[in-house]
Amino acid sequence: MGIASTDAESVALTEKSFSVSDYDLAATLSSGQAFRWSCQQGAWSSVVAGRWVQLIQNGDTISALTTARDSNWNWLEDYLQLNVNLPEIIRTFPKDAVLTEAVKSSNGLRLLKQNHWECLASFILSSTKQIVQIQHCVELLCQRFGERVPTPEGVGICHAFPTAQRLTQASEAELRACKLGFRAPYLLKSAQQIAQGNLRLDLLQSGSLEEARLQLMTLPGVGPKIADCVLLFAYGFPRAFPVDVWIYKAIQQLYFPNRRVSNQRMQKFTESYFGSNSGYAQQYIFHYMRTKIRRTQQCK
DNA sequence: AACCAGGACACAA
DNA sequence: TTGTGTCATGGT
């Protein structure tokens, strides 16, 4: 209840421009892989690696502004995967009409490399929710349990994503108050597993995709789909292939028209057909289906 | 106003 | 191994 606001101290800002190619920042940040980006007048802002950051794309330039003072931008380059050669990846896609159209409609769509825990927790609370709702829930979690992070003057209060440790101190009721519903106990128990060190998220990176997948699925509330999301969006396993209702319908109608496809057959198809970067292909199809129906609410 | 959403789980057949 | 009901919440 402090009345005296001690924010008088001005926040140091640093900025840097990155030259990019084949990068569609808007498509990437709004494609349902990360849930904390908001856009105002072409400027995207969020909290990455515990720092407030704002991004603006102008053609082949992405300019970044952050509250951190240091000159090391590895955290952002890694997050945005600026070193990834996208055309090389797209070259590995099967050259069918569907993917050709999907790539054409959102060329420059990328995969991010997010924080393991934030991505895992976000997708645990994502099941049978629309993306706007997931964004809302994540924001509530951050506001109530996340550490405050410095922001420039004129920017509202911002919080980091809460650690697993911090969430273990929350009650199920408090999590339900963040609109998590039946997912609340899943998130709470998973946070406990992580906080207690029963599952070390940092160790999954070096193992195989299959091994990491099995490990993640030992967590309550984490099935094959959510595990694959985390493996693709946080660990960067390029073959992880999350199948949600959109992807299932899309593949059914695009690749198996007028034919009922069993789960098993679907899995074999997605594992073999799309190649060594199937996860990227998946994201293109997902984004294509979503933007085809709902005209992208482009922020401009 | 119904229908459905970046699902997982326990349980049935 | 595949099918069904259940769990909350609120957008469209």
Side-chain angles (χ1 to χ4, degrees), chain A residues 27-37 102 106 109-112 114 118-141 144 170-191 193 199 213-235 237 240-254 256 259-270 274 278-297:
Chain A
T28 301
L29 300 183
S30 68
S31 65
Q33 51 181 317
F35 302 104
R36 294 206 65 196
W37 288 96
S106 53
L109 173 62
R110 301 288 192 121
L111 290 179
L112 301 167
Q114 301 177 56
E118 175 171 345
C119 186
L120 170 61
S122 299
F123 276 99
I124 285 177
L125 62 83
S126 77
S127 65
T128 50
K129 273 186 176 299
Q130 299 182 164
I131 289 176
V132 282
Q133 299 181 63
I134 301 168
Q135 291 169 333
H136 184 217
C137 291
V138 168
E139 196 47 44
L140 287 174
L141 274 181
R144 297 180 187 181
S171 66
E172 182 180 323
E174 286 178 303
L175 294 186
R176 282 180 184 267
C178 295
K179 310 301 179 186
L180 296 202
F182 61 83
R183 309 152 192 88
Y186 292 155
L187 181 57
L188 193 52
K189 288 174 193 165
S190 288
Q193 294 299 305
L199 176 52
R213 195 167 189 258
L214 287 176
Q215 288 293 312
L216 286 177
M217 286 175 61
T218 64
L219 295 169
V222 180
K225 188 270 172 181
I226 290 177
D228 282 335
C229 282
V230 177
L231 292 169
L232 186 60
F233 303 143
Y235 288 88
F237 283 102
F241 198 102
V243 177
D244 71 331
V245 292
W246 287 90
I247 290 294
Y248 195 93
K249 282 183 206 162
I251 291 182
Q252 165 96 6
Q253 81 186 47
L254 297 175
F256 300 91
R259 188 141 50 100
R260 166 74 186 152
V261 181
S262 72
N263 271 341
Q264 201 173 64
R265 195 175 166 73
M266 174 71 74
Q267 191 184 344
K268 291 203 166 169
F269 179 72
T270 60
F274 292 103
S278 54
Y280 275 87
Q282 175 276 150
Q283 195 64 6
Y284 273 91
I285 295 174
F286 179 75
H287 193 249
Y288 177 60
M289 295 304 283
R290 285 188 67 229
T291 55
K292 209 167 62 161
I293 293 180
R294 210 167 305 290
R295 310 252 171 227
T296 23
Q297 56 278 10

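Lettering follows sequence order; numbering is per chain, from 1.
- OP1 or OP2 of C:dG10 has at least one side-chain nitrogen or oxygen of A:Lys179 nearer than 4.0 Å.
- For the pair A:His136 NE2 and C:dA8 C1', the interatomic distance rounds to 14 Å; values are reported in whole Å.
- Comparing the P positions of B:dG6 and C:dG5 gives an interatomic distance of 23 Å, to the nearest angstrom.
- Heavy atoms of A:Tyr248 sit nowhere under 4.0 angstrom from any nucleic acid atom.
- Within 4.0 Å (heavy atoms only), A:Lys225 reaches at least one base atom of the nucleic acid.
- Counting non-hydrogen atoms under 4.0 angstrom, A:Ser126 reaches the backbone sugars and phosphates but no base.
- Judged by distance alone, the side chain of A:Gln114 and the main-chain N or O of A:Gln33 form a donor-acceptor pair under 3.5 Å.
- Summary of the strand contacts: A:Val132 and A:Ser127 both lie near DNA chain C, and taking for each the nucleotide with the nearest heavy atom, the more 5' one is attributed to A:Ser127.
- At a threshold of 4.0 angstrom between heavy atoms, the contacts of A:Gln135 with the nucleic acid are absent.
- Nearer the 5' end of DNA chain B, as judged by each residue's closest nucleotide, is the contact made by A:Ile134, out of A:Ile134 and A:Gly221.
- Taking 4.5 Å as the limit, every side-chain heavy atom of A:Leu216 sits out of range of all side-chain heavy atoms of A:Asp228.
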Original post:
Should A:Phe256 and A:Arg265 be marked as a side chain to side chain contact (heavy atoms under 4.5 Å, CB included) after you check the CA-CA gap, both sets of side-chain angles, and the distance that decides it?
Top reply: CA-CA 11 Å; A:Phe256 300 91; A:Arg265 195 175 166 73; 3.9 Å; yes

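- Whole-Å rounding puts the A:Arg176 CZ to C:dA8 C1' distance at 8 Å.
- Rounding to whole angstrom units, CG of residue A:Leu187 and P of C:dA8 are separated by 16 Å.
- A:Gly32 comes within 4.0 angstrom of a nucleotide base, judged by non-hydrogen atoms across all strands.
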Side-chain polar contacts of residues 171-185 of chain A - donor-acceptor pairs under 3.5 angstrom, sequence neighbours left out - could you list them?
unit_1, atom_1, unit_2, atom_2, d
A:Ser171, OG, A:Glu174, N, 3.1
A:Ser171, OG, A:Glu174, OE1, 3.4
A:Glu172, OE2, A:Arg176, NE, 2.9
A:Glu172, OE2, A:Arg176, NH2, 3.1
A:Glu174, OE1, A:Ser171, N, 2.9
A:Arg176, NH1, A:Gly181, O, 3.4
A:Arg183, NE, A:Ser127, O, 2.8
A:Arg183, NE, A:Ser127, OG, 3.4
A:Arg183, NH1, A:Leu180, O, 2.9
A:Arg183, NH2, A:Ser127, O, 2.9
A:Arg183, NH2, A:Thr128, OG1, 3.4

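- One interatomic measurement links the two molecules: CD1 of A:Ile124 to P of C:dA8, which rounds to 17 Å at whole-angstrom precision.
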Subject >> Residues A:Leu109, A:Ser31; criterion side chain to side chain contact (heavy atoms under 4.5 Å, CB included); working and verdict >> reply: CA-CA 8 Å; A:Leu109 173 62; A:Ser31 65; 3.8 Å; yes

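- The residue A:Ser122 sits apart from the nucleic acid: no heavy atom pair falls under 4.0 Å.
- In this structure, A:Arg183 reaches the bases: a heavy-atom distance under 4.0 Å links it to at least one base atom across the strands shown.
- At a threshold of 4.0 angstrom between heavy atoms, the contacts of A:Ile247 include nucleobase atoms, whether or not backbone atoms are also involved.
- A:Ile134 and A:Ser126 make their closest contact through CD1-CB, 3.5 Å (heavy atoms, listed as atom of the first residue, atom of the second, distance).
- Chain A approaches DNA chain B over the interval B:dA5 to B:dC9, counting the first and last nucleotide 5' to 3' with an atom under 4.0 Å from its heavy atoms.
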**OP:** Apply the test side chain to side chain contact (heavy atoms under 4.5 Å, CB included) to residues A:Lys249 and A:Met289: give CA-CA distance (whole Å), side-chain angles for both, the deciding distance (0.1 Å), then the verdict.
**Re:** CA-CA 10 Å; A:Lys249 282 183 206 162; A:Met289 295 304 283; 5.8 Å; no

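- Atom CG in A:Leu125 sits roughly 12 Å away from atom C1' in C:dT9 (whole-Å rounding).
- The shortest heavy-atom contact between A:Lys225 and A:Pro242 is O-CB, 3.8 Å.
- Atom CG in A:Leu140 sits about 12 Å away from atom P in C:dT9, given to the nearest Å.
- When rounded to the nearest whole Å, the span between CD of A:Gln267 and P of C:dT1 equals 10 Å.
- Nearest-nucleotide positions on DNA chain B for A:Gln33 and A:Tyr186 put A:Gln33 closer to the 5' end.
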